[in-house]
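The block underneath contains the structure these notes are about, expressed in structure tokens.
Just so you know, these numbers use all the heavy atoms, side chains as well, and skip hydrogens, waters and symmetry mates.
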Amino acid sequence: MSEIEVDYSLYLVTDRELLGERDLCDCIEEAIKGGVTLVQLREKSVSTREFLQLALRVKEITSRYKIPLIINDRLDIALAVDAEGLHVGQDDLPMIKAKELFPNKIIGVSVSTQEEALLAQEQGADYLGVGALFKTSTKTDATEVSFEQLKLIKNSVKIPVVAIGGINLTNALQVMSTGIDGISVVSAILAKENIQGAAKQLQDIIKQSI
């Protein structure tokens, strides 16, 4: 298990396609100012060099605000920028190997069933990303997870659980009422014109649920 203290309440996952002409680093900084507590840099269609350069810029911002930076899928990038963590899916680098190669760091795993959740916990995952709760345009291949399944997973494990997939201002309170540790959002913050304001509204809802 990682020894890094983490607040999982408002977990931002990046998607530059939502930003238009806006700069990702500027948007991340605005989101942090609004209340984002954790940032995952996800890049699926750029070169390794471009991903690395972007990750270095993002790391400079997250370090300044003492917010953990999690790299999606790419262990080489996470190592190169000394990120605080790595997030892997069911088809990515196996959890055990990620833990072995990136020790004392935060390792998160995407799961959609109780069996996957229990296995990830057994293998040393620090947190679980469970979803998708609702249909989402940012990850069209995600398996849908019901509220009952989310509660079952949360009650089955001892590590933090973060829900993801189509979570926004209208459903965030309902999602948090399941007793999970936080919500992970993409478009609910990055697609908004006022990114700082959107993050603050979500953080206010999270605080209502505690």
Side-chain angles (χ1 to χ4, degrees), residues 2 4-20 22-42 55 57-72 83-87 106 108-111 126-139 142 145 147 150-151 153-154 157 159-210:
S2 165
I4 303 171
E5 287 280 336
V6 184
D7 176 351
Y8 289 95
S9 63
L10 185 53
Y11 186 162
L12 176 68
V13 178
T14 66
D15 184 343
R16 281 193 290 169
E17 292 186 1
L18 298 171
L19 302 179
R22 297 177 294 175
D23 178 75
L24 177 62
C25 292
D26 292 342
C27 294
I28 288 174
E29 185 164 10
E30 286 301 302
I32 292 172
K33 288 178 179 175
V36 159
T37 58
L38 196 64
V39 173
Q40 180 188 132
L41 184 59
R42 184 170 68 185
R57 291 179 59 211
V58 173
K59 182 68 165 58
E60 191 277 326
I61 294 167
T62 54
S63 293
R64 195 188 322 147
Y65 288 91
K66 303 188 187 314
I67 298 292
L69 172 63
I70 309 296
I71 300 294
N72 180 266
E84 281 73 23
L86 178 73
H87 187 92
I106 306 162
V109 183
S110 295
V111 303
D126 292 289
Y127 76 93
L128 303 174
V130 181
L133 262 293
F134 305 95
K135 287 185 178 179
T136 171
S137 60
T138 56
K139 194 168 176 60
V145 175
F147 274 61
L150 176 61
K151 289 178 186 174
I153 290 171
K154 172 59 186 172
V157 299
I159 56 178
V161 170
V162 178
I164 188 169
I167 300 169
N168 54 41
L169 285 175
T170 61
N171 57 34
L173 188 58
Q174 184 186 11
V175 176
M176 286 301 298
S177 70
T178 60
I180 58 170
D181 302 273
I183 54 174
S184 185
V185 299
V186 187
S187 57
I189 289 179
L190 294 181
K192 303 299 182 185
E193 186 174 342
N194 183 346
I195 286 177
Q196 184 174 338
K200 185 177 185 309
Q201 284 181 292
L202 284 168
Q203 190 56 262
D204 288 345
I205 290 172
I206 291 166
K207 287 173 182 169
Q208 284 178 36
S209 70
I210 298 174

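- The nearest pair of heavy atoms linking Leu86 to Ile70 is C-CG2, 3.7 Å.
- Heavy-atom minimum distance, Gly35 versus Ala199: N-CB, 4.2 Å.
- Counting heavy atoms from C-beta outward, Arg42 and Ile71 have side chains that stay 4.5 Å or more apart.
- When side chains are defined from C-beta on, Ile28 counts as touching Thr14, because their heavy atoms get closer than 4.5 Å.
- Between atom CD1 of residue Ile205 and atom NZ of residue Lys207 there is a gap of 12.0 Å, rounded to the nearest 0.5 Å.
- Taking the salt bridge (Lys or Arg N to Asp or Glu O under 4.0 Å) definition, one finds that Lys192 meets it with nothing, sequence neighbours left out.
- With sequence neighbours left out, the ring-ring contact (aromatic ring centres under 6.0 Å, His included) criterion links Tyr127 to Tyr8, Tyr11, His87.
- When all heavy atoms of Val175 and Thr178 are compared, the pair lying nearest together is O-OG1, 2.6 Å.
- Asp23 pairs by the salt bridge (Lys or Arg N to Asp or Glu O under 4.0 Å) definition with Arg57, not counting sequence neighbours.
- Across all non-hydrogen atoms, the minimal contact from Gly131 to Val145 is O-CG2, 3.3 Å.
- The structure places OG1 of Thr62 at 4.5 Å from CG of Leu69, a figure rounded to the nearest 0.5 Å.
- Looking at every heavy atom in both residues, Val13 comes nearest to Ser184 through CG2-OG, 3.2 Å.
- In this view, Asp204 and Lys200 satisfy the salt bridge (Lys or Arg N to Asp or Glu O under 4.0 Å) rule, not counting sequence neighbours.
- Taking the side-chain hydrogen bond (donor to acceptor under 3.5 Å, both in side chains) definition, one finds that Ser63 meets it with Lys59, sequence neighbours left out.
- In this structure, Ile153 and Leu128 have side chains that are in contact, with non-hydrogen atoms separated by less than 4.5 Å.
- Ile32 contributes atom CD1, which lies 9.5 Å from atom OG1 of Thr37 (distance to the nearest 0.5 angstrom).
- Partners of Asp181 under the side-chain hydrogen bond (donor to acceptor under 3.5 Å, both in side chains) rule, at least two apart in sequence or in another chain, are Lys154.
- Annotation: side-chain contact (heavy atoms from CB on, under 4.5 Å) contacts of Leu19 (sequence neighbours excluded): Arg16, Arg22, Leu24, Cys27, Leu190.
- Residues forming a side-chain contact (heavy atoms from CB on, under 4.5 Å) with Leu202 (at least two apart in sequence, or on another chain): Leu10, Leu169, Ala172, Ile183, Val185, Ala188, Ile189.
- The side-chain heavy atoms of Val130 and Val162, taken from C-beta on, include no pair separated by under 4.5 Å.
- By the side-chain contact (heavy atoms from CB on, under 4.5 Å) test, Lys33 is found to be paired with Glu29, Glu30, Tyr65, Gln196, residues two or more places apart in sequence or in another chain being considered.
- Taking the side chain as every heavy atom from C-beta outward, Leu150 and Val161 approach each other to under 4.5 Å.
- Remark: Lys151 pairs with no residue by the salt bridge (Lys or Arg N to Asp or Glu O under 4.0 Å) rule, at least two apart or across chains.
- Residues meeting the side-chain hydrogen bond (donor to acceptor under 3.5 Å, both in side chains) test with Asp7, sequence neighbours left out: Ser9.
- For Glu17, there are no side-chain hydrogen bond (donor to acceptor under 3.5 Å, both in side chains) partners two or more places apart in sequence or in a different chain.
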